[in-house]
Amino acid sequence: MTNREKLSDLLLDIFLLEPEEFSFDLTREDVETWDSLAVVSVAVGVKETFGYHFTPEEATGVVRVQDIIDLLENKGISFAD
Amino acid sequence: MSQFLEQPPYAKRDDAAFLAEMNALSAHHLNGCEAYERIWPDTGTVECLEDLPWLHVGVFKHLDLRTAVDGSKHVRTLLSSATSSGVSSRIALDTRSSAYQSQSTLAVLKDFIGDDQQPLCILDSASALRGGRQISARIAAAMSLKPLASQLYFLLEDSNDPSSLKWPELLEAIDGHDAFMVYGFTWMLWLAWVEQVFPDDVVKALAGKRITFVHSGGWKKLEAQKVSPATFDAKLKEDLDPASQVMDFYGLVEQVGMIFPLCPCGYRTAPAWADVLVRDPVSGACLDEDVGQLQLMNTISWGAPYHNVLTEDLGRLVPGACSCGRAGTVFELIGRIPKSEVRGCANV
């Protein structure tokens with residue numbers, strides 16, 4: 001499974017989306033269930049899936065799916081696959 | 001927005017302004033929640049807190065109450081702990097109240113344990129975060145501490161198994177930190193943290209650390225162990241930094257956002273945006289000092305009429321101000337009404 005697939009699976013589960021509703025362009029405004037609980041779930045899910053622990057600032061600063069990818073790529077986790 | 005959220009939680013407040021906010025909130029729910037209006041038809045402004053319309057906690061097990069007004073958005077449902085009847089209360093959470101509820105719990109927590117950000121270890125499993133649109137009472141309580149957390153660590157593999165502690169996760173939380181917080185339901189904290197034999201490397205890593213233990217949910221599930229609060233606190237703090245502390249707070253999902261920590265005097269004080277009445281369980285009359293049924297009210301619940309709730313918990317009002325210096329209505333929580341359902345709230 002590629003890192004993009006791992007991330008999309010994680011976010012589908014957290015945001016309660018159907019696969020056809022998901023895209024890597026999603027923003028917090030697009031997703032009704034992207035609330036404060038989802039912010040925590042994303043941080044915890046990222047740690048479990050990719051082994052990186054977001055700082056509180058990073059976790060709350062994520063407003064686009066692309067932000068998660070950017071943060072992880074900066075930590076050496078590639079999404080080029 | 002409640003004007004009271006903008007002031008310190010235990011500052012003296014304008015009681016007339018509080019009554020006015022409660023009247024306005026009741027009118028909001030009567031206008032926006034048909035079921036509530038059916039229960040309290042023809043209700044107008046009242047002159048004292050005891051005359052405000054209220055709901056018994058049991059109503060939330062049977063009715064899906066929500067107040068719909070322009071712009072309101074209910075995203076998730078908060079579920080109470082499992083009860084002996086197997087039916088949970090369901091509280092519809094709206095985005096507006098959620099913001100107030102976070103503000104409320106944070107202000108109270110800061111007053112009791114300060115505002116230092118520390119790693120927060122939660123005695124629950126990370127999978128409990130993924131309950132779809134439903135949130136468990138335990139996760140909701142743990143999340144109230146989140147603003148004080150620099151990192152979150154979910155310590156259990158299985159939410160209901162105290163022996164499923166993840167030692168590497170705990171060691172990671174301890175590593176490099178002299179102080180951190182641990183949250184769990186009262187029974188879980190005892191069973192997972194005190195009754196378990198910790199591996200030697202964990203015992204060594206924990207020695208001398210300053211831990212703030214925060215627990216809620218009540219003592220009923222520990223009846224068999226016959227654990228007194230003093231023993232509970234002493235056991236938790238054994239071999240730790242003497243500045244370690246234990247905070248026991250009372251709260252229920254039907255009053256989400258409201259937490260009532262136990263102060264050193266053994267009492268609890270309602271913050272400025274909340275109040276407490278005690279009613280005779282038979283006559284319903286309000287009691288000044290006698291033991292009766294606790295009724296909790298607040299000005300921060302806009303998404304459904306859980307702003308004024310008669311609980312199944314017993315308590316009494318304590319006259320005057322508490323010696324701890326906090327202003328507000330002071331009360332003592334005594335326990336559950338006999339034969340009421342056992343669950344994780346005030347099963348003292």
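By convention in this document, chain letters (A, B, ...) are assigned in the order of the sequence lines, proteins followed by strands, and residues within each chain are numbered from 1. For the numbers below, each heavy atom of this structure counts, side chains included, while hydrogens, waters and symmetry mates do not.
- For the set B:K73, B:K146, B:Q151, the entry with the most heavy-atom pairs within less than 4.5 Å of chain A is B:Q151.
- Contact tally against chain B (heavy-atom pairs below 4.5 Å) for A:V40, A:V44, A:I14: the top residue is A:V40.
- At a 4.5 Å heavy-atom cutoff, the contact between A:A38 and chain B is made by backbone and side-chain atoms alike.
- Comparing B:A99, B:A140, B:S150 by heavy-atom pairs within less than 4.5 Å of chain A, the highest count is held by B:S150.
- For CD of A:E5, the number of neighbouring non-hydrogen atoms (other residues, nucleotides, ligands) closer than 6.0 Å is greater than 12.
- With a 6.0 Å radius and a threshold of 12 heavy atoms from other residues, nucleotides or ligands, A:E48 has its CD atom above the threshold.
- Here B:R76 contributes atom CZ and A:E32 contributes atom CD; the two are 9.5 Å apart, rounded to the nearest 0.5 Å.
- Proximity to chain B is limited to the backbone of A:F54, based on heavy atoms less than 4.5 angstrom apart.
- For B:A149, the part lying under 4.5 angstrom from a heavy atom of chain A is the backbone only.
- Proximity to chain A involves both the backbone and the side chain of B:R133, based on heavy atoms less than 4.5 angstrom apart.
- With rounding to the nearest 0.5 Å, the separation of CD in B:Q117 from OG1 in A:T55 is 9.5 Å.
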Before giving the answer on side chain to side chain contact (heavy atoms under 4.5 Å, CB included), spell out for A:L37 and B:V75 the whole-Å C-alpha distance, their side-chain angles and the decisive distance to 0.1 Å. CA-CA 11 Å; A:L37 186 69; B:V75 178; over 6 Å; no

Could you go through the side chain to side chain contact (heavy atoms under 4.5 Å, CB included) check for B:Y153 and A:H53 one step at a time? CA-CA 10 Å; B:Y153 298 89; A:H53 224 152; 3.4 Å; yes

